[in-house]
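Okay, structure first, notes after.
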There are 2 protein chains.
Amino acid sequence: MAVTIRDVAKAAGVSPSTVSRALSLPDIVDPTTRERVMKVADHLGYRPNRAARGLITGRTGNIGLILPDLANPFFPSIVKGIQQQAHIADYQVFVADTDEDPTAELGLVRSLAKQVDGIILCSPRMKPSELREAATYCPVVLVNRKAGSIPAVAMDNADGMRQVIDHLAGLGHRRIGFVAGPRSSWSTKERLRGLRAAAAAAAVELVELGHFAPTFDGGMESVEGTLIGGVTAVIAYNDLVALGLLSALRDRGIDVPSQVSVVGIDNIQLSAMVHPALTTLDIPKEKAGRTSIDLLLHLLGDPAAGTGPARELPTELLVRHTTAPAPTTTSEPSGRRRASRL
Amino acid sequence: MAVTIRDVAKAAGVSPSTVSRALSLPDIVDPTTRERVMKVADHLGYRPNRAARGLITGRTGNIGLILPDLANPFFPSIVKGIQQQAHIADYQVFVADTDEDPTAELGLVRSLAKQVDGIILCSPRMKPSELREAATYCPVVLVNRKAGSIPAVAMDNADGMRQVIDHLAGLGHRRIGFVAGPRSSWSTKERLRGLRAAAAAAAVELVELGHFAPTFDGGMESVEGTLIGGVTAVIAYNDLVALGLLSALRDRGIDVPSQVSVVGIDNIQLSAMVHPALTTLDIPKEKAGRTSIDLLLHLLGDPAAGTGPARELPTELLVRHTTAPAPTTTSEPSGRRRASRL
DNA sequence: GAAGAGTCTGAAACCGTTTGCAGGGCGATG
DNA sequence: CATCGCCCTGCAAACGGTTTCAGACTCTTC
């Protein structure tokens with residue numbers, strides 16, 4: 001059915017080997033035959049079977065991508081960056097979504113390992129030991145996580161957290177809450193660390209409000225702790241959580257930003273669409289995706305790989321409309337509420 | 001490096017053929033040898049090379065998925081449904097994003113065709129003739145589009161539009177606007193047709209407000225036409241457009257829903273998160289994804305395919321807080337505005 | 001005890017490509 | 001004119017599986 005290298009060879013009056021060479025190593029074959037072969041191949045619409053090629057070269061031309069949840073708007077942006085860069089280098093991308101199930105990750109790596117040249121693990125939730133095991137199955141690059149010597153592209157969380165704290169401290173906030181994400185999330189730990197350091201440096205108090213699902217609903221749940229904590233500003237694990245919190249605050253009649261300031265992280269599209277627009281820490285998502293491919297191709301020794309890429313990407317605070325100067329301490333709007341609820 | 005069928009054969013003291021049979025046709029091999037082979041295979045961690053298998057069976061176990069824009073929250077939901085169902089049937093999914101470029105679609109089909117057993121084209125923007133051409137390269141299933149005899153899963157747009165119109169008509173709206181999506185979008189035409197029929201049946205006037213990009217920004221741009229049109233309710237091409245429109249209306253101090261009602265389509269997650277929550281037509285996105293896989297596997301004659309699946313999926317209007325009774329005709333808030341702008 | 005049927009297994013061919021190796025043709029050189 | 005080297009090309013093996021075909025063996029049956 002499909003046109004094979006033999007069909008081309010026969011039509012061009014040469015052997016299959018010559019066709020193969022004409023197409024992949026053009027300079028070692030005679031110009032006139034090369035021309036003829038290419039013309040015939042083009043005319044017949046010949047496209048090499050990548051599986052067959054992969055069988056002998058050991059390269060599939062495929063890359064695997066594993067991530068927790070495509071429905072979280074943070075990830076599609078990364079996927080887009082990855083795809084862009086991968087297609088440029090003529091790789092195809094397998095995408096697999098684990099539905100936030102950490103136990104599914106390793107299984108996916110195993111089943112994917114044979115079919116791909118390398119795997120990108122995006123915000124993996126698995127344990128470090130599993131991560132090491134995963135890396136033994138096939139070349140692996142991490143995004144949003146670091147582990148030992150496995151190549152990784154991460155964000156400069158320390159600097160990002162400093163920017164957020166400095167912004168809030170500059171507005172007069174002295175008691176700042178942090179709504180943490182899942183315990184299994186490396187970013188949670190990393191951001192917490194950055195926040196503690198930055199809070200200490202700015203001489204503000206950091207209140208850790210507990211762990212919540214990295215979703216809108218998780219953010220809504222976190223409102224209780226926020227009120228109890230008696231803080232004037234809250235930093236959310238990500239924008240989705242921030243939006244949930246915003247919504248719950250509104251339901252309780254608490255105004256943002258005059259009574260409480262809220263800061264998100266990620267800068268998902270949505271964060272600019274709501275009202276009031278969310279102040280958030282921009283994460284270069286597409287850039288991270290592209291960089292991870294660069295890193296992987298580099299690891300594979302592919303000549304199409306870019307130059308040694310930056311592995312720690314800068315972030316940038318986008319001040320929009322959910323942050324404002326801290327309310328005067330005497331009114332203490334959330335403190336009153338807290339007392340009544342306890 | 002990797003463990004092959006020959007390694008297993010040697011370790012089990014049988015020939016490769018027997019190993020192959022033991023694993024794929026268990027009942028034609030002696031139970032004791034089968035046991036032994038399976039144990040050895042398991043112990044060695046043997047996993048058949050799918051590329052090699054595909055070479056001889058002609059099946060890759062891969063499915064291609066082409067869609068316009070992963071950043072549009074409508075699509076990730078579909079992708080999730082597709083992946084779920086595909087993984088159950090032991091297929092892997094290649095995802096490719098065209099960045100809303102209709103000319104890129106056919107090229108992607110061509111380059112993917114050889115590596116997959118079938119392709120799912122999600123909301124394709126290409127012309128019918130190109131669609132027919134695409135279907136000649138490999139088995140194709142359409143989502144959100146119909147074209148000739150190509151298998152497709154679509155939404156019951158006619159009924160959905162009827163629900164929307166009936167809802168608005170019931171609230172007393174007599175002049176209703178529609179913000180259309182891209183001209184190349186099949187859904188736009190389909191919805192327009194459904195709206196015209198429903199509007200005629202309900203004896204309300206339908207005002208077509210022109211074509212806009214299917215994005216938040218597109219929605220913002222559409223606000224001009226909305227005001228000029230002198231309508232009391234607007235139906236947007238999708239939720240993203242509706243949200244953009246909502247935002248622009250707010251910027252101009254026009255209250256929703258008391259002055260203008262707005263209805264979206266898709267029910268993306270986000271639509272429930274904003275304030276006021278968007279009234280929208282729910283589209284069963286994950287279900288559509290799963291159905292498209294059923295359809296494709298059926299087409300491929302795969303026994304894992306579900307029963308002959310429904311191809312036209314029902315929609316459901318979710319009444320939230322952006323629709324309300326039409327303002328009394330005497331005030332005509334947008335009419336005044338219109339006059340001043342013209 | 002021989003023939004026949006039936007069950008299980010192994011040898012070999014094949015899928016579509018790449019690549020090491022050898023050989024043919026040709027020009028240059030002595 | 002013989003020899004050497006070089007450029008180009010074809011043959012054949014290999015990649016890791018599946019599948020056809022034939023043969024070995026066991027078990028009936030007369």
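Quick note on labels: first sequence line is chain A, next is B, and so on, each numbered from 1. These numbers come from the heavy atoms of this one structure, side chains and all, not from hydrogens, waters or symmetry mates.
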Residues in ring-ring contact (aromatic ring centres under 6.0 Å, His included) with Y46(B), at least two apart?
none

Applying side-chain contact (heavy atoms from CB on, under 4.5 Å) to D90(A) and not counting sequence neighbours gives R50(A)

Sequence neighbours excluded, every pair satisfying ring pair (Phe, Tyr, Trp, His ring centres under 6.0 Å) that has a member inside residues 11-33 of chain B:
none

Residue set satisfying side-chain contact (heavy atoms from CB on, under 4.5 Å) with S187(B), at least two apart, ordered chain then number -> N144(B), S185(B), R191(B), Y237(B)

Contacts of K127(A) meeting side-chain contact (heavy atoms from CB on, under 4.5 Å) (sequence neighbours excluded), chain-then-number -> S129(A), E130(A)

Listed by chain and number, what are the side-chain contact (heavy atoms from CB on, under 4.5 Å) partners of S24(B), not counting sequence neighbours?
S20(B)

Is a side-chain N or O of D7(A) found less than 3.5 angstrom from the main chain of T4(A), in a donor-acceptor match?
yes

Could you run down nucleotides 11-22 of chain C 5' to 3' and tag each one B, S or - for protein heavy-atom contact under 4.0 Å?
BB-BBBBBBB--

Sort and list the pairs that fulfil ring pair (Phe, Tyr, Trp, His ring centres under 6.0 Å) and have at least one residue in residues 4-31 of chain A, not counting sequence neighbours.
none

Sequence neighbours excluded, every pair satisfying salt bridge (Lys or Arg N to Asp or Glu O under 4.0 Å) that has a member inside residues 64-89 of chain B
D69(A)-K80(B), K80(A)-D69(B), D97(A)-K80(B), D99(A)-K80(B)

With a 4.0 Å cut-off (strictly under) to non-hydrogen atoms of chain B, the first and last hit nts on DNA chain D, 5' to 3', are dG16(D) to dT20(D)

Terminal axes of the helix from dG1(C)-dC30(D) to dG30(C)-dC1(D) (5 end pairs apiece), angle rounded to 10 degrees, sit apart by 60°

Sort and list the pairs that fulfil ring pair (Phe, Tyr, Trp, His ring centres under 6.0 Å) and have at least one residue in residues 85-119 of chain A, not counting sequence neighbours.
F94(A)-F94(B)

